[in-house]
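In this text, all values refer to a predicted model and were calculated from it rather than measured experimentally.
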Amino acid sequence: MWDHRYAQPFYVHHRQLMGLCDELERVADSLPHTVNQQTCIQLANALGPNLIAAQELEEKEIFPALLSLAPCGKELGDTIRQLCYDHQMDRCYAEEVQEMLYFYGVGMLSVSPETAGFMLRGFFESLRRHLAFE
C-alpha cells in the first residue's frame, strides 16, 4: 500500500520547483535589458538545493515505495529508470544555469542574452514537463 507520508513533501517540492520555473521564466522574459541581478543570485543559490531535495525524496523514498507495490510491472520499473535518468540530466543542466545566473547576478555576462534566454527556457520547460509527468 502507498505510504501517504510522502505525499505532502512531494507536493511541497513540486510547488517550489514550479515556482522556480516561473521565476526563471521571468528572468528569461527580462533579457536583455531589465535583468534583476539580485534575483539572478537568489535563483542561482536556490535552484540546486531545491532540485536536489526533490529528487532525493523521489529516488530514496517515493520510487522504492512505488516499486514495492504488488504487482509491479516492467513498465513501472522502466518509467522510474527514465525519471532517474531525467533527474541526472536536470542536475547537469541546472549547474550550467546556476553558473550563468550567478555571473549575470554579479554583472559578468558569461553568455549572450540570447544564449541565456535559450538556456533558461530549455531548462524550465524541460523541468515543467518532468514535473507534470510525475
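Counting heavy atoms from C-beta outward, His87 and His130 have side chains that approach closer than 4.5 Å. Contact annotation: the side chain of Asp29 never approaches that of Thr34 to less than 4.5 Å [non-hydrogen atoms, C-beta and beyond]. Put simply, the side chain of Tyr104 reaches to within 4.5 Å of the side chain of Pro113, judged on heavy atoms. Side-chain atoms of Leu57 and Ile62, non-hydrogen and from C-beta on, do get closer than 4.5 Å to each other.
By the criterion of side-chain heavy atoms lying less than 4.5 angstrom apart, applied directly or through intervening Ile, Leu, Val, Met, Phe, Trp or Tyr residues, Leu131 is not grouped with Leu83; the two fall into different hydrophobic clusters. Cluster membership check: Ile41 does not share its hydrophobic cluster with Val35, using side-chain heavy-atom separations under 4.5 Å among Ile, Leu, Val, Met, Phe, Trp and Tyr. One hydrophobic cluster, built from ILVMFWY side chains closer than 4.5 Å, holds both Leu24 and Leu109.
For Tyr93 (side chain) and Met119 (main-chain N/O), a donor-acceptor pair under 3.5 Å exists by modelled atom type. Under the 3.5 Å distance criterion, the side-chain polar atoms of Thr115 are left unmatched by any main-chain donor or acceptor of Val111. Under the 3.5 Å distance criterion, the side-chain polar atoms of Ser126 are left unmatched by any main-chain donor or acceptor of Phe123.
Shown here are the side-chain hydrogen bond (donor to acceptor under 3.5 Å, both in side chains) partners of Thr79, two or more places apart in sequence or in another chain: there are none. Residues satisfying the salt bridge (Lys or Arg N to Asp or Glu O under 4.0 Å) test with Glu59, not counting sequence neighbours, are Arg91. Legend: residues meeting salt bridge (Lys or Arg N to Asp or Glu O under 4.0 Å) with Arg129, ordered by chain and number and at least two apart, are absent. For Glu25, the salt bridge (Lys or Arg N to Asp or Glu O under 4.0 Å) criterion is met by Arg128, not counting sequence neighbours. When the side-chain hydrogen bond (donor to acceptor under 3.5 Å, both in side chains) test is applied to Asn36, the partners found at least two apart in sequence or on another chain are Thr39. Under the salt bridge (Lys or Arg N to Asp or Glu O under 4.0 Å) criterion, Glu58 pairs with no residue at all, not counting sequence neighbours.
Ion pairing between Asp86 and Arg81 fails under the 4.0 Å rule for side-chain N and carboxylate O.
Between Phe124 and Ala28, the closest heavy-atom pair is CE2-CB, 4.3 Å. Between Asp90 and Leu51, the shortest heavy-atom distance links the atoms O-CD2, 3.8 Å.
Looking at Asp78 and Gln82, their side chains never bring a donor and an acceptor atom within 3.5 Å of each other.
Screening Glu95, Gln98, Glu23 against Leu47 for a side-chain contact (heavy atoms from CB on, under 4.5 Å) leaves a single residue, Gln98.
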